[in-house]
Every structure is written in C-alpha cells, then in structure tokens.
Asks: 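Shown below is the structure under consideration.
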2 protein chains.
Amino acid sequence: MNIGKAAKLSNLTVKAVRYYANIGLVKPQQNIFSGYREYTSEEVAKLKFIGKARKFDFSINECKELLSLYEDKNRTSKEVKKITLEKITQIDSKLKDLRDLRNELSFLASNCNGDDRPNCPILEELSKN
Amino acid sequence: MNIGKAAKLSNLTVKAVRYYANIGLVKPQQNIFSGYREYTSEEVAKLKFIGKARKFDFSINECKELLSLYEDKNRTSKEVKKITLEKITQIDSKLKDLRDLRNELSFLASNCNGDDRPNCPILEELSKN
DNA sequence: ATACACCTTCCTGTAAGGGGAAGGTAAAGG
DNA sequence: CCTTTACCTTCCCCTTACAGGAAGGTGTAT
C-alpha cells in the first residue's frame, strides 16, 4: 500500500512516516517506476509500534532500540525492562523539577495582589540579586 | 565590562549571552574599534533576571514580555500575575501527562519478569493492534 | 482529455543555544 | 618590543522530530 494508507492505518502523519523512512527506522520498498513507497502490513505494524512507543515518550533512538529488541526473537525481557525502568527514572526526575517549579511559581503568584498597582513580588523575586 | 565577565556575573554562558544580544533581548553597546560588546551593570541585572525566568521555565518570548513589564514603571501587578498563572496552568497540564505516562509504564514494567526469557508484556503492549 | 487526489524530492523553520573554526584584540610577562 | 595567552568577534553546522510548502511527477475517475 502507499504511504497515505500506511499513515492512516498507523495513526501517524505522512510526514512522520516519510521521516521514519528517511532515517532508516522503517524503510519500505520503493516502486522503481513511480518512486512511490510501498508498505507491507508488517511495516505498518512497526509504524504502529513506533507510534505507541513515541506516545510513551520514548525518543526515536529508544524506539529504534525497542524495535530491534522486538524483532530479535532471542532477546530477553530483561533488556526491555531495563530501558523501561530508565525511562521511568527520567520521568520521575522531570516530575520533580516540574513540581518544584510549580510550587515556587504558585507561591509567588499567591503573594501577588494582581491588582492595578505596580507593586509585584514576582518581578521582585526575578530581579533579586 | 566584556561579555565574559557579564556572563560570569549573570551565571550564564557566553554563548547564551551573545544569543540574547543577537535576538535583541539584551543588546549592549559595541565598541566601534574592537567590536567587543560592552555590558553595563544594568544589562547584567537584566541577564540575571532572564536567567532566573528561564529557570522558571519561561520561554524566551515570555522572558521578553516579563522584561518589558519589569522595565515599565506603569505596569500593573495584574499583568505579571496573569502570565505567571498561565505558566502554572501549562505546568499542571505537563504534570498530568507525565503522571499518566509514568503510571502506564510502571504498570507495564511491574508485569514484566525482567528475566532471561523472551516473554515480555511491554513489547506485547506496544505491538498490540 | 482533464481534473483531482496522491505521491516524490527539496528547502526552510522550529527552541535555545552548543561546538568549533578562522581570525582579530588586549594585557601580561620577559 | 615581542610573544604568549586569554579573550573577543563572526560564521556555519548540529541538535529533536518532524511541519509547511513549493515544484513537479503519477494514478485514477469521469
């Protein structure tokens, strides 16, 4: 099938699917005469796989890793779990940063009258030495 | 003072400070003969301000806004508070997405033995139709 | 035959700088 | 006075993961 259908079936944009072909993530055959990419249903399955992994915040490189593990019938679940746990650690770190940030901003905002006067503790904090 | 000192005093990199000059965020005078940028202590204060705002996850454009509010002696605290509250809303949304993500990944990981056998619920989930 | 949908490659842009090359300038040391 | 060293300049490419759009080829329905 052509790229449009493959994109639709995998819930990705044509642009993204073409991008994955260009970087060698999912490389379909290309019709010699028309130049059109021709996707098999197995390739569509890989695209779906990638789409889901991307939603799980895995980077393209991590998707590449996961995909090769997925294709390797001899891989152990240990390898996959390791990548997943690393990802969870990353997310925890991001969560902490965002929570801290939110607390500070929220503290500043709650101390700001938000009225028509110029007095503003938020800017004061930002301009502190 | 030269850019190196300004960068050190504001806890920014020289690259970042030069970048801010290029995009017109903090534009110092430039010595006509040497071409060196010459920073005043007021400009360093603005750099510090930006550095802090960036740490608070404000984008460059938001920094520009905050900076102009900061410089405008007639601005009201309402304007600043509005931007800050919007930022908090953004952060809350990010936090929710990350939490959901973490829950799903953590669920998958906890169901994966992580042993030397190939059976892996994480990959199974990713390859589901 | 033509209209229209779909496909191709190629180029540019995104956010916020980092890395590094090639070369000019300033200040310290001998 | 000369050289080394440190610092400065501009310029260009790299990063992530595509999106947008131009110019042009292909396939199909009417």
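Below, chains carry the letters A, B, ... as their sequence lines are ordered, and counting in each starts from 1. Note that this is a predicted model, so its numbers are computed, not measured.
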Asks: Mind checking salt bridge (Lys or Arg N to Asp or Glu O under 4.0 Å) for B:E71 and listing every partner two or more places apart, or none if nothing turns up?
Replies: B:K46
Asks: Apply salt bridge (Lys or Arg N to Asp or Glu O under 4.0 Å) to B:K87 and list each qualifying residue two or more places apart in sequence or on a separate chain.
Replies: B:E62
Asks: Listed in order of residue number, which residues of residues 19-28 of chain A have a non-hydrogen atom at under 4.0 Å from DNA chain D?
Replies: A:Y19, A:Y20
Asks: In degrees, rounded to 10°, what is the bend between the two ends of the helix from C:dA1-D:dT30 to C:dG30-D:dC1, using five pairs at each?
Replies: 30°
Asks: Under 3.5 Å, side chain of B:R102 to main-chain N/O of B:S106, donor-acceptor pair present?
Replies: no
Asks: Please enumerate all residues that pass side-chain contact (heavy atoms from CB on, under 4.5 Å) together with A:R99, with sequence neighbours excluded.
Replies: A:L95, B:L95, B:R99
Asks: Heavy atom of residues 85-99 of chain A under 4.0 Å from DNA chain D: which residues?
Replies: none
Asks: For B:Q30 and C:dG24, what is the distance between atoms CD and P respectively, to the nearest whole Å?
Replies: 17 Å
Asks: Could you tell me from which nucleotide to which nucleotide of DNA chain D, 5' to 3', there is an atom under 4.0 Å from chain A heavy atoms?
Replies: D:dA17 to D:dG27
Asks: Could you tell me which residues satisfy salt bridge (Lys or Arg N to Asp or Glu O under 4.0 Å) with A:D72, sequence neighbours excluded, listed by chain and number?
Replies: none
Asks: Taking salt bridge (charged side-chain N to carboxylate O under 4.0 Å, His left out) as the cut-off, I'd like each qualifying pair that reaches into residues 31-45 of chain B, sequence neighbours left out, listed once.
Replies: none
Asks: Please tabulate, for side-chain N and O atoms in residues 1-13 of chain A, each donor-acceptor pair with protein atoms closer than 3.5 Å (sequence neighbours left out).
Replies:
residue : atom : partner : partner atom : Å
A:S10   : OG   : A:A6    : O            : 2.7
A:S10   : OG   : A:A7    : O            : 3.3
A:T13   : OG1  : A:A16   : N            : 2.9

Asks: In chain order, what residues pass the salt bridge (Lys or Arg N to Asp or Glu O under 4.0 Å) check against B:K94, with sequence neighbours excluded?
Replies: B:D57
Asks: For A:N61, what residues pass the side-chain contact (heavy atoms from CB on, under 4.5 Å) criterion, not counting sequence neighbours?
Replies: A:S59, A:K64
